[in-house]
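All values below were derived from every heavy atom in this structure, side-chain atoms included, with hydrogens, water molecules and symmetry-related copies excluded. Chain identifiers are assigned alphabetically (A, B, ...) following the order of the sequence lines, protein sequences preceding nucleic acid strands; residue numbering begins at 1 within each chain.
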Protein chains: 2
Amino acid sequence: MTREPYGADHHTAVRRPASIKDVAAAAGVSPTTVSHVLSGNRPVNEHTAARVRSVVNRLGYVPASLARSLQAGSTSVIGLLIPDISNTFFAELAKGAEDAAHDLGYGLILCNTEFDADREDRYLGMIRSRFIDGMVYASGSPPSRRRLEALMGKFPIALADEEVEGLEGALIASADHEAGGRLVGEHLRSLGHRRALMLTGPRALKSSVARASGFVRAFGGEVVERVGDFKEGSGYRLVAKLLQDGGLDCTAVFAANDLMAFGALTALREAGLSVPEDISVVGFDDIRAASLAHPPLTTVHQPAYDVGRTATAQLLQYVTRGEVPPASRHTLPVELRVRGSTAPAAR
Amino acid sequence: MTREPYGADHHTAVRRPASIKDVAAAAGVSPTTVSHVLSGNRPVNEHTAARVRSVVNRLGYVPASLARSLQAGSTSVIGLLIPDISNTFFAELAKGAEDAAHDLGYGLILCNTEFDADREDRYLGMIRSRFIDGMVYASGSPPSRRRLEALMGKFPIALADEEVEGLEGALIASADHEAGGRLVGEHLRSLGHRRALMLTGPRALKSSVARASGFVRAFGGEVVERVGDFKEGSGYRLVAKLLQDGGLDCTAVFAANDLMAFGALTALREAGLSVPEDISVVGFDDIRAASLAHPPLTTVHQPAYDVGRTATAQLLQYVTRGEVPPASRHTLPVELRVRGSTAPAAR
DNA sequence: ACTGTTGTGCAAAACGTTTTGGAAACCTAG
DNA sequence: CTAGGTTTCCAAAACGTTTTGCACAACAGT
């Protein structure tokens, strides 16, 4: 019993697809001509072209993009490296990146790292092996800085919303964190607040530092700072701790992101304080839940979508020309969304 | 003035990377040997191997994965087609898919369609041009059925959470929508509710129908059905309309997803009704905002992550063997999360 | 001395395209 | 009839790997 070269083993096996040679043979022309017919790269006699096209249809021929990419020297695919796609901020950013990529006919590989350095390395390997033409990098787990630095000059990379410490010379698109902090500061000041608690994010992140400094400067009043980790639990713990250790001597809380703000809200509620009557709370990011929460959270809207879109569009501008992008900064405007969690300072 | 072949135009141009030939030449061996050294596919004299490795390092040689893929006949990349990555359900699903892909060394291309048929077509083209080895399909915009059907037998495709109407013979992973509806029915019944409003999703989606039928069967009481579109606005409008047209003659509302439930909540609140005292509300999905809302929403937790992970893992099982997956169904368990939006029926 | 066996490395084919320099045939104008 | 132009198509090279068959040497066992 002979074995067929392809398929027929069982109906589940994938059969060899038609190649350009098959089409050429069936149409009685050379592969060159088939290529020209399909690409329109050079004129072909209309009669021959029609015959080729009919064979293409009959055989269901679709050019192998791999071979095309190999020849062209680029894949029309880029990567998007982020820590956690289930975080709505990054999901929005991804959406913007995907849109920008799609507009220029590029594909986008989702590189979700879960903050895992090995995983990040593996994905960065895709750019070194030239499987992707570029990378939009939005992770910023500090240990990866060195590796990134080595790649930066050789491959097209754009930084989205992360100004990694010590990484100058990069193409960067990010929200105006400083301005966001400032808006909050002005808002609370105008409501008569003079003493506030600020829950910051990790000190290593420039964005985190910028939010805090913008706030402190604009607020003018007294600010107590506590360092969190951008997670709900840390907002809860920091506030609960303060409440327990002899009370929270302030009329407003500014958390450097919404998640921590929610944690703070829970802690305050549990302590019998009501928001915004007793104390005002402000977040940062404007995630979906912010407007749905009770009370709806006053927060700084971050243009996550635009950050992703801008970073990607900028990157592609250079990728399409086969260039490594030069240093440049694109700062996107931020907006204060005043909702129900802030009110005039209690007296 | 002569033009250099690569780079040196300006420091921004990408220079030609070292190829296996360059390495071979520099090490005084054949490309074959270099390949064997790196792949370990055949033994090579340790002395020669060391020399080759040193040249590899010196030149910073990284094999071009494109060429490798072309030769191997597969790219180790699959696609994930979804309508909207910024929807937390799909973001979770994507996370599961990405994890499963990563485990087997596969990359994942994000195909976000925004429910746009053209966009979907373009992405499906990637599988026909064999740029991706398979596709996890989670969109289900009805018009694409025919196209999908044509692909199904020829390329590896898995359906995630969408049992597209009339598309049998597929590999499917989905949550147990029917059971979810049943759980809600039982819950409300046990709280003494006898008359309920059900806000369903589009009739064309099997999942939507299953949620409703499971609910109706288990609830037993009287059910008024209204068809929505899974968006917040439709939940709001449907309830507002009913309230206006002579009152809502029921003690509970079951929305086929959380977003519509939020819309319903808003409409009820605006009408002066309080939840859950006057009327209970239940959602479906358990998106992030559900637990943060006020009152926290009772809902059915859908294992989005597992759906994505299972669909992908199953698909890859066949992809790695070069087979098209056979029909099979993987139903994942669902869980009722009882929170603050449901209470015993008012009398 | 013959026959294997093992170790080592290379040449060439193959994967499926696109691109480029001509060749052949035909036309046109002088 | 010839020089130059057009039209139409093809052969071959190139993209960068992996795989396979083979050659050559060295060495062992008989």
Discussion item. Between P on D/dA14 and CD1 on B/I20, what's the gap in Å once rounded to a whole number?
Written reply: 18 Å

Fill in: Any residue of residues 47-59 of chain B with a heavy atom less than 4.0 Å from an atom of DNA chain D
none

Practice prompt. Assign each of B/E46 and B/L70 to its nearest nucleotide of DNA chain C by heavy atoms, then name whichever residue's nucleotide is nearer the 5' end.
Written response: B/E46

Practice prompt. Both distances under 3.5 Å, Watson-Crick or G-U wobble: on that basis, could you give the dot-bracket string for DNA chain D, with [ ] for crossing pairs and | for other-strand partners?
Written response: ||||||||||||||||||||||||||||||

Worksheet entry | DNA chain D: 5'-proximal contact among A/A72 and B/P31 (nearest heavy atom) | A/A72

Discussion item. Distance criterion of 3.5 Å, no angle test: do you see the side chain of A/R68 paired donor-to-acceptor with the base of C/dG16?
Written reply: no

Worksheet item: Is the shortest heavy-atom distance from the side chain of B/T320 to the side chain of B/L104 under 4.5 Å?
Response: yes

Item to complete: Taking all heavy atoms of B/I78 and all of B/L316, pick out the closest pair and write down the distance.
Response: CG2-CD2, 3.9 Å

Discussion item. Regarding B/T33, tell me which of base, sugar-phosphate or nothing describes its non-hydrogen contacts under 4.0 Å with the strands shown.
Written reply: sugar-phosphate

Fill in: B/Y61 OH to D/dT18 C1', straight-line distance once rounded to whole Å
10 Å

Practice prompt. Would you check, one step at a time, whether the test side-chain contact (heavy atoms from CB on, under 4.5 Å) holds for A/L80 with A/C111?
Written response: CA-CA 6 Å; A/L80 171 67; A/C111 309; 6.0 Å; no

Discussion item. So B/S35, base contact, sugar-phosphate only, or nothing? Heavy-atom distance under 4.0 Å.
Written reply: base

Worksheet entry | is_close_aromatic(B/F131, A/F131), centroid dist under 6.0 Å | yes

Discussion item. The side chain of B/T32 is closest to which nucleotide in this list: D/dA11, C/dG9, D/dT20?
Written reply: D/dT20

Practice prompt. With the side chain of A/R130 defined as its heavy atoms from C-beta on, choose the nearest nucleotide among D/dT17, C/dT17, D/dA11.
Written response: D/dT17

Response to the item:
From CG of B/N41 across to C1' of D/dT20 the rounded distance in Å is 11 Å

Worksheet item: Who are the salt bridge (charged side-chain N to carboxylate O under 4.0 Å, His left out) partners of B/E92, not counting sequence neighbours?
Response: none

Practice prompt. Side chain of B/H36 only, please: which of D/dT17, D/dC10, D/dT19 is the nearest?
Written response: D/dT19

Item to complete: Map B/Q71 and A/S19 onto DNA chain C by nearest heavy atom, then report which one ends up closer to the 5' terminus.
Response: B/Q71

Worksheet entry | Donor-acceptor pair under 3.5 Å, A/R16 side chain vs C/dG16 base | no

Worksheet item: Going through the checks in order, is the side-chain contact (heavy atoms from CB on, under 4.5 Å) test met by A/H330 and A/L171?
Response: CA-CA 8 Å; A/H330 302 260; A/L171 169 55; 3.8 Å; yes

Worksheet item: Are the charged groups of B/R122 and B/D116 less than 4.0 angstrom apart, N to O?
Response: no

Worksheet entry | N/O donor-acceptor pair under 3.5 Å between A/T312 side chain and A/G308 backbone | yes

Worksheet item: Given D/dC9, D/dG21, D/dT19, which nucleotide is nearest the side-chain atoms of A/N45?
Response: D/dC9

Worksheet entry | Atom-pair distance (CG on B/L66; C1' on D/dC15), nearest Å | 10 Å

Worksheet item: Is the count of non-hydrogen atoms from other residues, nucleotides or ligands lying under 6.0 Å from A/R128 atom CZ greater than 12?
Response: no

Item to complete: Could you tell me whether the side chain of A/T33 and the main chain of A/V29 form a donor-acceptor pair under 3.5 Å?
Response: no

Response to the item:
Atom CZ of A/R42 and atom C1' of D/dC9 are separated, to the nearest Å, by 10 Å

